[in-house]
Amino acid sequence: MSNSASSFTGVSSGYTAGTPVPADSPIRDNIADAVRRVRETTPLAQSFTNFVTINLVANAQLAAGGTAAMSFLPDDVIETAKIAGANYINVGTLLPFYKDALPEIAQRLNYLDKPWVLDPVAAGIGRTRTAILQAFKAAPPTMIRANASEVIALANMWGLNTETVGDASEHRPAGVESVDDVESATGAAVALAQYLTEQHAKHSSHDASTRCAVAVSGIADLVTDGETVYRLPGGSAMMTKITGAGCSLGGVAATYLAVSDPLTAALSASLLYNRAGEVADTTSHGPGSFQVAFLDALWNVTAEQVAESEILVQ
Amino acid sequence: MSNSASSFTGVSSGYTAGTPVPADSPIRDNIADAVRRVRETTPLAQSFTNFVTINLVANAQLAAGGTAAMSFLPDDVIETAKIAGANYINVGTLLPFYKDALPEIAQRLNYLDKPWVLDPVAAGIGRTRTAILQAFKAAPPTMIRANASEVIALANMWGLNTETVGDASEHRPAGVESVDDVESATGAAVALAQYLTEQHAKHSSHDASTRCAVAVSGIADLVTDGETVYRLPGGSAMMTKITGAGCSLGGVAATYLAVSDPLTAALSASLLYNRAGEVADTTSHGPGSFQVAFLDALWNVTAEQVAESEILVQ
Amino acid sequence: MSNSASSFTGVSSGYTAGTPVPADSPIRDNIADAVRRVRETTPLAQSFTNFVTINLVANAQLAAGGTAAMSFLPDDVIETAKIAGANYINVGTLLPFYKDALPEIAQRLNYLDKPWVLDPVAAGIGRTRTAILQAFKAAPPTMIRANASEVIALANMWGLNTETVGDASEHRPAGVESVDDVESATGAAVALAQYLTEQHAKHSSHDASTRCAVAVSGIADLVTDGETVYRLPGGSAMMTKITGAGCSLGGVAATYLAVSDPLTAALSASLLYNRAGEVADTTSHGPGSFQVAFLDALWNVTAEQVAESEILVQ
């Protein structure tokens, strides 16, 4: 199933608790650098993504300043990964051969130390998807981008969620829509970010101090590296009225991951999307013109506008 | 093959015979209710559809007010069908595994009493497509949305068309384009609607008085429940210059089917498309801006505008 | 992998050497005739193309005035080819069954004397893609449309490139982006056009005087029939910031191939794209509005504007 109704449900939000990140925080410098470096170096991020939103994923990566390549066969994916700065796997629309291909690809990306972003679309729905997502526990991504229900479902699937969340099935996304609010996914997001960081510290040649990240899309997006929880107010409710805002956010996060650490990439992509959504909201007359204006805004929003965004620490 | 050139060929039509449905007809109340209920309840309609227009199908369902999810694996489709209000199967672009998967899915949807819309794209072309469409006779949809040639080809394939239509091959769509006018598909459409209604009355737990429906897209769309034949003048010739107007009409019909009976759903979707096409026609400068304006119009056209449309009874 | 970042990188170019084709050249009459005949006869061009840009390919073919049908199963492709004026094969996103299906389809298209355009996306990347492109040497297309690196890689793969080009791997596209300029692909393009022409003269019933063509997209596109090398300045750098400009150019070339000879089709499609890109460049504010304006311009640019373009002979 595909993330056809966006799992990105940011809207101009009301009050979100948290301490504002100061204007002179190095986090903001990292974000501005990531936005600029993508535009200056047009890094390649490869995607294995669903058929519904594959075109928007590519166009969003290009509009953010990167380049895109989409592959499905393991030999294509692995050979392209060798020249790509980062990769993106989205389990939206599954075909029979994915059940073997995706775990193999995840293992080989990790063996090659290639960073990748996972969008566990509709986590918890379907035997095949569950088998694939279970297999990713042994070859985990560098970053996860999902909605609240998908994050909770994946943490439960991997046995990481220590909170009492009742029957896991209560937390399955309704189709591709979240049935949980972002707040309720905090524990699952932190647990996943810690697990990804531990696994990559063990097996990766990367600087062990580099932490992995999880981005939860919704009203006031949540981004965490497992140590700090950031909340990002803003965005546009119209993001839920076009298909693929969430999928393409995962793709753009991979574009930033090609030039920065996972936390910076997750924050930069989520903030760019909120600012671009707000611009498109004011200049469009419905979902058709919103998508056009949104792609234009991904291209036109400045690195300063992204870096100066409201960021709250919980 | 996919419905890439739209099989929806509505244009501001000339004279179409028929008796106008009165302004106070309950049919108009049902249509207004369906349009409003979709916008108020955002029902999920799942699609198994072609790769050419899958993005437009999802965006059109969202623009009409519903939500969308696309699946291809039987386990995904069936599990999602349990939470969806209706489903949509479009046989545009076939892959090898569809030959077994689609008949299985149709059987399970009917076993579970889940309503679904069929778009028999390019009916009559290709052995694999013919085998799949033949299999659907034993597990028929709740509604069919197609162009005139596809409706005639399907009725012939199922042995339902009692009219003398000469060699069936004369009525195969030319690629995905109709070679027959809507008028000539009247007998086939009525025969199909009667067959679907009879089969569902036998096997479904639904109110046996609920009739199935067939919508034939073209100049002055035709919609029938097998008892009454309705004609719907209007639309825009530009609908034939963007890909997927027909496919996405089938998807939006499924969205309405999630909140109403098949006849109301077929009428509501066809009328919304005609009104939105007319709005987009006046505000666009070519097929690119037409598609953008059309999606905006699906979002902005009011329930009253849809319900007050010209509807003729033949 | 798919041509997601366009391999069409035409920009308002600086000096390109060559002798201008005179205003009264019959080449210009052939181009104007092709543009008009497509709009008057709406020919069907069938595509077997990638999932990233399949929607844009269809919409571009419709905007140029043709009709489109997309197929993947051999039985669909061959039966549709019998009613199509030309066909298009793009090896962007491969699935496992393509390895057997695509060589079979190429053989059957040539056996049936059906003209087809090949876009060898990412030639040189992946064992499966290499096996498919190798197989096409024995059943070659009528036209090739690609970027410089793909043209060089394919000529090397087929053993046609007599120039010293060093290690072939140096000339593999970087993902889907060219690492070579158009100029450097001249020898490979001429060698490929001559090979295609020789093979079709042997095996085709067509007029043996009809020559095949190769179009190399980039800054000042190159088109050759193996005898003459034409350069086409102009276009827009924004073509590289939307996905599928190259893929859809291949599709539109197939649309023109349905009504004209390969050289005229390659020139007409490339020139229409340059003129439409220039129009869209002046009326858009980013990649979202550029794509919309580009599709409108494909519809609105006149046959005269296309035929009166600057064309240089090298």
Side-chain angles (χ1 to χ4, degrees), chain B residues 1-7 9 50-59 72 91-99 121-122 124-132 169 172-179 238-245 247-248 284-295, chain C residues 42-52 54-85 93 95-98 100-101 251 276 279-280 283-284 288-301:
Chain B
M1 173 175 8
S2 173
N3 192 341
S4 52
S6 165
S7 59
T9 56
N50 73 70
F51 300 120
V52 185
T53 64
I54 190 169
N55 182 267
L56 183 61
V57 170
N59 274 324
F72 297 96
V91 298
T93 49
L94 303 176
L95 299 183
F97 80 94
Y98 292 11
K99 189 170 182 176
V121 178
I125 293 186
R127 292 187 308 278
T128 305
R129 180 175 289 96
T130 297
I132 290 167
S169 68
R172 295 191 325 176
V176 295
E177 303 301 319
S178 184
V179 295
M238 286 302 290
M239 300 303 281
T240 65
K241 302 305 177 185
I242 63 169
T243 187
C247 298
S248 61
S284 57
H285 311 291
S289 51
F290 181 88
Q291 179 167 323
V292 171
F294 179 72
L295 284 168
Chain C
T42 62
L44 172 61
Q46 171 178 230
S47 299
F48 185 126
T49 190
N50 73 71
F51 301 120
V52 184
I54 189 169
N55 181 267
L56 183 61
V57 170
N59 274 324
Q61 292 175 314
L62 292 172
T67 61
M70 275 57 183
S71 313
F72 297 96
L73 291 185
D75 64 312
D76 275 357
V77 176
I78 298 308
E79 202 165 335
T80 305
K82 294 173 182 172
I83 57 175
T93 50
L95 298 183
F97 80 95
Y98 292 10
D100 296 325
V279 171
T283 57
S284 57
S289 51
F290 181 88
Q291 180 167 324
V292 172
F294 180 71
L295 284 168
D296 282 355
L298 289 179
W299 179 257
N300 292 313
V301 168

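Chain A is the first sequence line, chain B the second, and so forth, proteins listed ahead of strands; every chain is numbered from 1. What's counted below: heavy atoms across the whole structure, side chains too, no hydrogens, waters or symmetry copies.
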- On a heavy-atom basis, the closest approach of Gly286(B) and Trp299(C) is CA-CD1, 3.9 Å

- Task: Specify the closest pair of heavy atoms between Thr53(B) and Asn55(C), including all atoms of both residues, with the distance to one decimal.
- Result: CA-ND2, 4.2 Å

- Item | Minimum heavy-atom distance between Val292(C) and Val292(B), given as atom pair plus value | CG2-CG2, 3.7 Å

- Query: If you measure from CG on Asn50(B) to CE on Met70(C), what distance do you get to the nearest 0.5 Å?
  - Reply: 10.0 Å

- Query: How long is the gap from CG on Leu62(C) to OG1 on Thr243(B), to the nearest 0.5 Å?
  - Reply: 6.0 Å

- Query: How close do Glu79(C) and Arg127(B) get, heavy atom to heavy atom, and via which atoms?
  - Reply: OE1-N, 4.5 Å

- What part of Asn300(C) gets closer than 4.5 Å to chain B, counting heavy atoms only: side chain, backbone, both or neither? side chain

- Item | Beyond-backbone contact of Thr93(B) with Ser71(C), side-chain heavy atoms, under 4.5 angstrom | no

- Note on the structure: Max heavy-atom pairs within cutoff under 4.5 Å with chain B, candidates Asp75(C), Thr49(C), Leu295(C), goes to Asp75(C)

- About how many Å separate CZ of Phe51(C) and CD1 of Ile54(B), when rounded to the nearest 0.5 Å? 10.0 Å

- Message: Using a 4.5 angstrom heavy-atom cutoff, name the option from Val57(C), Asp296(C), Val77(C) with the most pairs to chain B.
- Response: Asp296(C)

- Task: Starting at CD1 of Ile78(C), measure out to CD1 of Ile125(B) and round the result to the nearest 0.5 Å.
- Result: 13.0 Å

- Message: Which atoms of Leu95(C) are under 4.5 Å from chain B, going by heavy atoms: the side chain, the backbone, both sets, or neither?
- Response: side chain

- Lys241(B)/Thr42(C) under side-chain contact (heavy atoms from CB on, under 4.5 Å): CA gap, chis, key distance, verdict: CA-CA 11 Å; Lys241(B) 302 305 177 185; Thr42(C) 62; 4.1 Å; yes

- Message: Quick check: do Gln291(B) and Asn59(C) have side-chain heavy atoms less than 4.5 Å from each other?
- Response: yes

- Task: Of all the heavy-atom pairs spanning Ala58(C) and Val52(B), show the shortest one and how long it is.
- Result: CB-CG1, 4.0 Å

